[in-house]
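A short worksheet on the structure shown next.
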Amino acid sequence: MTIAVIQFGGSNCDRDSVQALESMGLEADLVWHEDGLPEDTTGIMLPGGFSYGDYLRAGAMAARSPIMAEIREAAADGTPVLGVCNGAQVGCESSLTPGVFTTNESARFQCEHVYLRVENAETPWTSQYDEGEVIELPIAHGEGRYEITDDRLDELEAEGRILFKYCDADGEVSPEANPNGSKHAVAGVTGDSDHVAVMMPHPERASLGDLDRTDGQPVLSGFAD
Amino acid sequence: MTAFTATVTVRLKHGVLDPEAETTQRSLERLGFELDDLRGADVFELDLDAEDDDDAAERAEEMAERLLANPTIHDYDVEVTERE
C-alpha cells in the first residue's frame with residue numbers, strides 16, 4: 001500500500017507528511033500533481049502549504065487541478081483521503097468536504113498550539129481517541145475559519161460529521177478557546193463518507209516523538225485501517 | 001461574434017463575517033473618517049467574444065459558478081458591455 005502525498009506548486013508540508021507517515025511504518029510517496037495518481041495508491045493526503053500563493057481563495061486553484069478529478073473518483077471508490085491545512089482548504093474548494101475555510105476572525109496568520117476535542121471517535125481518523133478526549137496540535141494558517149450556512153452545519157452536527165472542535169485544556173468549547181472564529185468551533189469535518197476528511201490543525205507536526213507530542217499519530221493511522 | 005467585457009462582482013453573502021473589511025473600516029475611522037459600514041468585493045473583468053450579450057453573460061456566470069465565486073459564502077452579479 002502507498003499513500004500518495006500530493007504536491008502542488010506551493011505545497012510545503014508534503015515532505016513532513018511523508019516523514020510522519022513513514023515513521024509510523026506506513027508507505028508514502030510524494031506525487032507531483034501533474035503526474036496523476038499512481039495505480040498503487042491506497043490513500044491520499046493533501047498536505048499543507050500555500051498552493052498557488054493562495055490566489056483568489058486559499059485552495060481554489062489546486063482544487064481545479066486535473067488530479068482532483070482523479071482524487072474525487074478514488075474517494076468515491078473508497079480510497080481514504082485526508083486534507084490538512086491548505087489540503088483542507090483544497091478539499092472544501094473541490095467539494096470533497098462541505099463548507100469553506102476562510103479568513104481568520106483576527107485577519108492575521110496564526111501559528112500556535114491549540115486544544116481540540118474529539119467530537120466523533122468512530123471515524124478512521126479518530127477511532128484511536130475517545131469521544132470527548134482533548135488533544136493538542138499545532139495550527140498555522142491565516143484562512144482557517146470554518147464557514148457554512150447554519151442549517152447545513154446543524155445537519156453536519158446531527159450526522160456526526162464534525163471530527164474536532166477547538167476547545168480549552170479542559171475540553172470546554174468557548175469563543176476564547178476558538179483561535180480563528182470558526183463556526184461552532186469546527187476544526188475538521190468529514191465528507192459524504194467518513195473515509196474522506198479535512199482538518200486545519202496539523203497532525204503530521206505532532207507525530208514524531210523525538211520532536212514533540214504525538215497527539216497527531218492516531219489521525220494519520222486512519223490510513224492504516 | 002461581438003467583443004464584450006463581462007464584469008463579475010463577487011461579494012460575501014450577507015451575514016458572513018469579513019475580518020478584512022472590518023479591519024479596513026477601523027483604519028479609516030482611525031484616520032478620522034466617519035462611516036456606518038464597509039463591504040469589500042472582488043471585481044473581475046473578462047474580455048470575451050460572444051454571439052450576443054446573453055451568451056457573454058451566460059459564459060461569465062458559468063466562470064463565476066465554477067471558480068470566481070464560492071457559492072458557500074459568495075453572491076455574485078454579472079454585467080456585460082460591448083467592447084470597442
Side-chain angles (χ1 to χ4, degrees), chain A residues 51-52 54-66 68-69 72 88-110 141-156 175 178-186 189 191 198, chain B residues 4-48 56-80:
Chain A
S51 55
Y52 306 96
D54 283 349
Y55 288 172
L56 194 62
R57 299 176 300 276
M61 299 298 162
R64 274 81 182 173
S65 143
M68 290 308 298
R72 277 193 295 273
Q89 296 159 338
V90 173
C92 282
E93 276 283 344
S94 67
S95 301
L96 274 169
T97 46
V100 59
F101 292 101
T102 187
T103 314
N104 291 349
E105 193 174 19
S106 65
R108 293 195 174 96
F109 187 89
Q110 289 173 246
H141 59 245
E143 298 178 36
R145 175 171 57 92
Y146 191 64
E147 187 62 66
I148 192 168
T149 63
D150 293 335
D151 290 349
R152 191 77 186 97
L153 186 47
D154 288 342
E155 284 172 19
L156 297 179
N178 184 341
N180 53 26
S182 284
K183 214 176 241 191
H184 289 204
V186 169
V189 293
V198 298
Chain B
F4 292 97
T5 295
T7 303
V8 180
T9 306
V10 178
R11 296 184 178 82
L12 284 171
K13 282 183 173 162
H14 184 70
V16 175
L17 187 71
D18 188 345
E20 290 179 5
E22 285 177 12
T23 307
T24 308
Q25 180 173 347
R26 277 202 302 277
S27 285
L28 284 172
E29 286 166 347
R30 212 173 291 132
L31 291 171
F33 294 105
E34 286 179 24
L35 67 165
D36 294 331
D37 197 15
L38 180 151
R39 290 171 296 283
D42 288 326
V43 177
F44 302 91
E45 294 180 347
L46 315 169
D47 291 344
L48 41 84
E58 198 176 308
R59 283 167 52 197
E61 277 166 23
E62 197 182 345
M63 293 184 219
E65 289 283 336
R66 294 278 301 278
L67 176 64
L68 300 177
N70 181 325
T72 304
I73 49 172
H74 291 136
D75 287 325
Y76 65 89
D77 56 56
V78 175
E79 241 173 80
V80 172

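Proteins get letters first, then strands, A, B, ... in listed order; numbering begins at 1 in each.
- Nearest heavy-atom pair across B/N70 and A/V100 is ND2-CG2, 3.6 Å.
- The part of A/R145 that comes within reach of chain B is its side chain, from C-beta onward, which places non-hydrogen atoms under 4.5 angstrom from that chain.
- Within 6.0 Å of CZ on A/R152 lie more than 12 heavy atoms contributed by other residues, nucleotides or ligands.
- More than 12 heavy atoms of other residues, nucleotides or ligands sit less than 6.0 Å from atom CD of B/E29.
- Surrounding OH of A/Y55 are at most 12 heavy atoms belonging to other residues, nucleotides or ligands under 6.0 Å away.
- When B/L17, B/V16, B/V10 are compared by the number of non-hydrogen pairs under 4.5 Å with chain A, B/L17 comes out ahead.
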- Message: Show, in sequence, the C-alpha distance, side-chain angles and deciding distance for B/H74 and A/R57, and conclude whether the side-chain contact (heavy atoms from CB on, under 4.5 Å) test is met.
- Response: CA-CA 12 Å; B/H74 291 136; A/R57 299 176 300 276; 3.7 Å; yes
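- Between A/Y146 atom OH and B/T72 atom OG1 the span is 8.0 Å, to the nearest 0.5 Å.
- Here the straight-line distance linking atom OG1 of A/T102 with atom CD1 of B/I73 works out to 4.5 Å at 0.5 Å rounding.
- The local environment of CD in B/Q25 is crowded, with over 12 non-hydrogen atoms from other residues, nucleotides or ligands closer than 6.0 Å.
- Of all the heavy atoms in A/T103 and B/P19, the pair that sits closest is O-CG, 3.8 Å.
- With a threshold of 4.5 angstrom between heavy atoms, B/A21 does not approach chain A through any atom at all.
- Side-chain atoms of B/R66 never come within 3.5 Å of backbone atoms of A/R64 as a donor-acceptor pair (strictly under, hydrogens ignored).
- Within 6.0 Å of CD in A/E155 there are more than 12 heavy atoms belonging to other residues, nucleotides or ligands.
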